[in-house]
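Below, all heavy atoms of this structure are taken into account, side chains as well, without hydrogens, waters or symmetry copies. Numbered from 1 within each chain, the chains take letters A, B, ... in sequence-line order.
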2 protein chains.
Amino acid sequence: MKNRLKVERAEHNLSQADLADRIGVSRQTINSIETGRYVPSTILALKLAQVFNKAVEYIFTLEETD
Amino acid sequence: MKNRLKVERAEHNLSQADLADRIGVSRQTINSIETGRYVPSTILALKLAQVFNKAVEYIFTLEETD
DNA sequence: TTGGTATGTCAACTTAACTTTACATATCCA
DNA sequence: TGGATATGTAAAGTTAAGTTGACATACCAA
């Protein structure tokens with residue numbers, strides 16, 4: 001699964017720590033999601049999409065291997 | 001987090017086992033998600049939304065407690 | 001050059017997702 | 001009545017998500 005978190009953060013001028021605070025997770029969790037080490041829960045995906053005011057499908061997209 | 005899986009299944013005339021097969025998980029996993037015991041991964045949410053041809057946000061919605 | 005901010009990553013830990021196996025119940029139909 | 005299908009749930013196990021704490025690096029501004 002790919003994600004646009006890094007780009008969205010840049011557009012909204014948020015650091016990983018800022019974003020983590022917004023949705024109530026640790027900075028490392030955001031980093032791990034961004035770098036593809038973790039697949040977030042649906043609750044986190046919904047909250048992240050909400051922060052950026054975008055659809056979940058826009059921020060996260062399935063890949064062949066999923 | 002609430003979800004519309006049961007309704008969507010009914011509209012698409014799919015059993016829990018059918019849906020499980022479609023997205024490659026066990027029947028119990030579908031049941032557990034439907035009854036709110038598990039929060040699915042974002043990959044599962046995207047696949048479920050894909051099966052029903054609906055937005056993730058339409059199928060899964062955040063609640064106060066999330 | 002030093003201090004603050006941002007990012008990447010690792011280790012150890014806890015909790016939750018997901019699996020298989022299994023059993024119970026309800027409905028429906030031949 | 002009996003068998004097939006659908007659903008709910010429990011137990012035990014594995015894997016992955018998410019935590020805290022820590023350290024390294026890079027960049028930028030004072």
Inset, instruction - Would you tell me if any nitrogen or oxygen in the side chain of Ser26(B) comes within less than 4.0 Å of OP1 or OP2 on dT20(C)? - result: no
Inset, instruction - Report the residues that fulfil side chain to side chain contact (heavy atoms under 4.5 Å, CB included) with Thr61(B), sequence neighbours left out, ordered by chain and then residue number. - result: Lys2(B)
Inset, instruction - Return the value, rounded to whole Å, for the distance between atom CG of Asp21(A) and atom C1' of dT20(D). - result: 15 Å
Legend entry - Beyond-backbone contact of Ile43(B) with Phe60(A), side-chain heavy atoms, under 4.5 angstrom: no
Inset, instruction - Starting at atom NE2 of His12(A), determine the distance to atom P of dA6(C), rounded to an integer number of angstrom. - result: 17 Å
Inset, instruction - Report, as a single string ordered 5' to 3', how protein heavy atoms within less than 4.0 Å touch nucleotides 7-17 of chain D: B base, S sugar-phosphate only, - not at all. - result: BBBB------S
Inset, instruction - Over all heavy atoms of both residues, which pair between Ser41(B) and Val39(A) is shortest? Give the atoms and the distance, please. - result: CB-CG1, 4.0 Å
Legend entry - Candidates Gln28(A), Glu34(A), Lys6(A) - the one meeting side chain to side chain donor-acceptor pair (under 3.5 Å) with Gln16(A): Glu34(A)
Inset, instruction - Could I get the full list of salt bridge (charged side-chain N to carboxylate O under 4.0 Å, His left out) partners for Glu8(A), not counting sequence neighbours? - result: Arg4(A), Lys54(A)
